[in-house]
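Step one of this worksheet: look at the structure below.
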Amino acid sequence: MAESLEFIIEALLFTSEKPLNAHEINSWLSGETLADIRQALGNLKTQYDSMGRSFALKEVAQGYQFRTRPEYAPYILKMFKTSPTRLSRAAMETLAIIAYKQPILRQEIERLRGVDVGGILKTLMEKGLIRIVGRKSLPGRPLIYGTTTRFLEVFDVKDIDSLPRMKEIKDMVSDEEQTAPKTEEHQLDAFEQTSET
Amino acid sequence: MAESLEFIIEALLFTSEKPLNAHEINSWLSGETLADIRQALGNLKTQYDSMGRSFALKEVAQGYQFRTRPEYAPYILKMFKTSPTRLSRAAMETLAIIAYKQPILRQEIERLRGVDVGGILKTLMEKGLIRIVGRKSLPGRPLIYGTTTRFLEVFDVKDIDSLPRMKEIKDMVSDEEQTAPKTEEHQLDAFEQTSET
Amino acid sequence: MDYEVKLEIFEGPLDLLLHLIHKNEVDIFDIPIATITDQYLEYIDMMKALNIEVAGDFLIMASTLIHIKSKMLLPDLTGQDDGEDPRIEITRPLLEYMRFKELAGELEERELLDRDVFVRHLPSYLQSQMEDWEPRLDVNLFQLMDAFKRIIDEGLPGVQLTLQPERWSVTEKTEVIIDLLKEAGPTFFQRLFSEDRSLSEVVVTFLAVLELVHLGLVKVSQPTHESDIHLVLSIDENGEKLDG
């Protein structure tokens, strides 16, 4: 092809509404190798970082996406004539629990929050931030919750394991599971995947 | 303002779906003169022209807009052809009614949805998910709608009879509403609202 | 007391407890259980006095606090005391609760999409071109079921919804077939079934064809032995006698 790989990828990133990853790009550019595409993505990111323009290429939700820098938010919000929608404090706290402890049952979320979270789960689900990842093989077959790709996009996270302090929380969780009383224990390994992929 | 006018305008052009002209931009940046904005737009255009990237700032009838260069169109087209799109909530609900209640008249769908569904039916028809299966022998000979074989493919079900039954839906989709007492849910809502302020 | 102002902001017992601990400026690892319990109960009374329905979660915590308080006051005479501070029962959940509050705060401070950072959307000049394309649909059965459940839940008054798919009647199906033959002209038998979605519909379609042949409205032919059966309408444009 006549056009440089970097510019082709740049054009795709510039028109896509979603973050793109090397595999997706590869599926549209049959003649190229995954390694070359990864290389080009890295080069583009470096270029935009050093150009210091009003937008840059960010690694988010297991892909790359052009995003404006935060200092331009006030002007953009003015153009869109909107103020950003915020999650309530309760919703943010519930979301944090799900993000850090997924896959997680509702009853476990409620144990941590000390209150019923039905209404909040519904809100988070409607906003596309959480999803049902399966059912636990327990009496009542309770639903298991986790975060979505949209969550990664909204919160500027590369992938769930790169959330700050994820390792710390995971280590603490495994400590608790060893000491916690039987009734509070939830072995989440034996859940069934739903069709959501 | 701390950020340079050019970059502010660049950020606006970057996020806008439509072309922007100096007058519009001026209405969002009250401290700036029209002349300065025109100058900045001109500078940006020159910069992008000389950079020779895959996109540039184009002057079109209604103003300025970032556009990818024509040689990248084939790649972009390929990306969009394979990119998944979603159905709107309204479209999904209408489709659900048709799937479960077919063969069904448009007026019956509208009775269930409470709104006009003309536009949605057209969309669903264009996407090949529903079809007109006939006309009812009623005054006006209203059209009867049903789903297509493509519908079965898209939702990966063998036939319409293997769509999940009401009870299964209730069990699967949301156990929140059933287990959460009404009073607690109201209370949560109230807390969520008040904690915002 | 400044409860009136703060009354609604406690969304649960842990939230209230945490507030009391901060207000009294006490160490979470050394909670003065008597003071905190008294203030907690005062708050519950206040809610009741104001006719606010007290959620069960608040009452459960109240009884936990009272239990801990009594354990702290009375020496353990049963000999079962394992030496663990009874306050661990509230300290542990409080610490966990605080940890996730902190994490929530950190999440909130990230560069949030559509608040701090913005992405491009399909530009207007491409939107018009998009109309001709047919992208892959990103939908799943769960979404369809969820949509259907919403409709049933929000069910409009007087609307009866049953899940049993409506059955085709033979009369309805004959009309559909006639319409099809009018529009498409002579048609292969197989095509009539191409969109049938259930065995019952296939049966009804078949019965409808028999009915139409019997009434002389449709002629059936088979050009060769191997070919599919061919159907032709044998009435003219004005022969809509079935529509009455």
Side-chain angles (χ1 to χ4, degrees), chain A residues 13-19 55-56 58 60 65-73 76-77 80 82-97 99-101 110-116 120 125 131-132 150 153-157 163-165 169 172 176 180 194-197, chain C residues 9-18 55-58 60-61 64 84 88-90 92-123 125-127 129-130 136 138-146 150 153:
Chain A
L13 289 165
F14 198 74
T15 36
S16 171
E17 297 186 291
K18 297 256 139 206
F55 58 93
K58 301 274 288 173
V60 66
Q65 188 172 39
F66 278 120
R67 295 185 160 200
T68 56
R69 294 185 199 275
E71 50 267 44
Y72 300 95
I76 296 164
L77 285 169
F80 287 141
T82 54
S83 49
T85 52
R86 279 163 188 274
L87 284 177
S88 71
R89 197 164 51 89
M92 274 304 299
E93 289 170 14
T94 306
L95 184 59
I97 290 173
Y100 280 93
K101 298 207 64 169
E110 291 183 340
R111 190 184 66 79
L112 288 166
R113 301 230 352 106
V115 287
D116 179 276
I120 292 174
M125 199 102 83
R131 66 189 184 101
I132 291 161
R150 178 76 190 155
E153 283 177 36
V154 170
F155 286 88
D156 186 30
V157 183
L163 260 183
R165 305 216 280 154
I169 302 296
M172 256 183 298
E176 278 159 23
T194 63
S195 61
E196 226 224 58
T197 41
Chain C
I9 67 167
F10 305 115
E11 41 144 341
L14 291 171
D15 204 26
L16 171 56
L17 266 186
L18 207 55
D57 302 313
F58 280 94
I60 292 168
M61 179 59 81
T64 304
E84 197 183 48
I88 188 80
E89 209 180 327
I90 54 164
R92 189 185 285 159
L94 270 176
L95 285 172
E96 276 184 321
Y97 185 67
M98 283 166 70
R99 186 202 301 158
F100 285 108
K101 272 182 108 66
E102 203 182 316
L103 290 170
E106 284 176 19
L107 276 184
E108 181 100 53
E109 278 164 26
R110 299 183 67 81
E111 292 182 358
L112 294 200
L113 186 62
D114 293 336
R115 186 190 71 179
D116 307 310
V117 295
F118 297 83
V119 298
R120 283 177 56 75
H121 292 285
L122 190 66
Y125 71 97
L126 282 176
Q127 284 169 12
Q129 295 181 28
M130 283 283 283
R136 188 161 61 84
D138 184 21
V139 290
N140 62 41
L141 191 58
F142 180 83
Q143 294 168 323
L144 185 79
M145 286 158 53
D146 188 38
R150 274 201 302 272
D153 287 349

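In what follows, chains are A, B, ... by sequence order, proteins preceding strands, each numbered from 1.
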Please check: side-chain N/O of C:Arg110 versus main-chain N/O of A:Asp156, any donor-acceptor pairing under 3.5 Å?
yes
CG (A:Leu163) and CG (C:Leu103) are apart, to the nearest 0.5 Å, by 9.0 Å
Heavy-atom pair of closest approach, residues C:Asp114 and A:Leu77
O-CD2, 4.1 Å
What is the minimum heavy-atom distance between C:Asp57 and A:Asp116, and which atoms define it?
OD2-N, 3.7 Å
A:Arg67 and C:Leu113, any side-chain heavy atoms less than 4.5 Å apart
yes
Answer with side chain, backbone, both or neither: which region of A:Leu13 has an atom nearer than 4.5 Å to a non-hydrogen atom of chain C?
neither
Roughly how far apart are A:Arg113 CZ and C:Glu11 CD, rounded to 0.5 Å?
4.0 Å
Considering all heavy atoms of both residues, which atom of C:Pro13 and which atom of A:Gly114 are nearest to each other, and what is their separation?
CD-O, 3.5 Å
Heavy-atom distances under 4.5 Å only: say whether C:Leu107 touches chain A with side chain, backbone, both or neither.
both
In short, C:Val117 meets A:Thr68 closest at the heavy-atom pair CG1-O, 3.2 Å
Straight-line distance of A:Arg111 CZ to C:Glu96 CD, nearest 0.5 Å:
5.0 Å
Among A:Ser83, A:Pro164, A:Pro84, which residue has the highest count of heavy-atom pairs closer than 4.5 Å to chain C?
A:Pro84
Side chain / backbone / both / neither for A:Phe155 at chain C, heavy atoms under 4.5 Å
both
For a salt bridge (charged side-chain N to carboxylate O under 4.0 Å, His left out) check, start with the C-alpha distance between C:Glu111 and A:Lys58, then their side-chain angles and the critical distance, and finish with the verdict.
CA-CA 11 Å; C:Glu111 292 182 358; A:Lys58 301 274 288 173; 3.6 Å; yes
Contact origin within A:Val60 toward chain C - heavy atom pairs under 4.5 Å
neither
If I take atom CD1 from residue A:Ile97 and atom NZ from residue C:Lys101, how far apart are they, to the nearest 0.5 angstrom?
10.0 Å
Can you say whether A:Phe14 sits under 4.5 Å from chain C via the side chain, the backbone, both, or neither, judging by heavy atoms?
both
Spell out, as yes or no, whether a donor-acceptor pair under 3.5 Å connects the side chain of A:Glu93 to the backbone of C:Ala104.
no
C:Arg120 side chain reached by A:Phe55 side chain, heavy atoms, under 4.5 Å:
no
Taking all non-hydrogen atoms of both residues, which atom of C:Leu122 and which atom of A:Thr15 are closest, and how far apart?
CD1-O, 4.4 Å
Could you tell me which residues satisfy ring-ring contact (aromatic ring centres under 6.0 Å, His included) with C:Tyr97, sequence neighbours excluded, listed by chain and number?
none
What pair of heavy atoms forms the shortest contact from A:Ala96 to C:Phe100, and how long is it?
CB-O, 3.9 Å
Atom CG of C:Asp116 and atom CD of A:Glu71: how far apart are they, to the nearest 0.5 Å?
10.5 Å
Kindly write out the residues that satisfy side-chain hydrogen bond (donor to acceptor under 3.5 Å, both in side chains) with A:Arg165, not counting sequence neighbours, or none if the list is empty.
A:Glu168, C:Glu102, C:Glu106
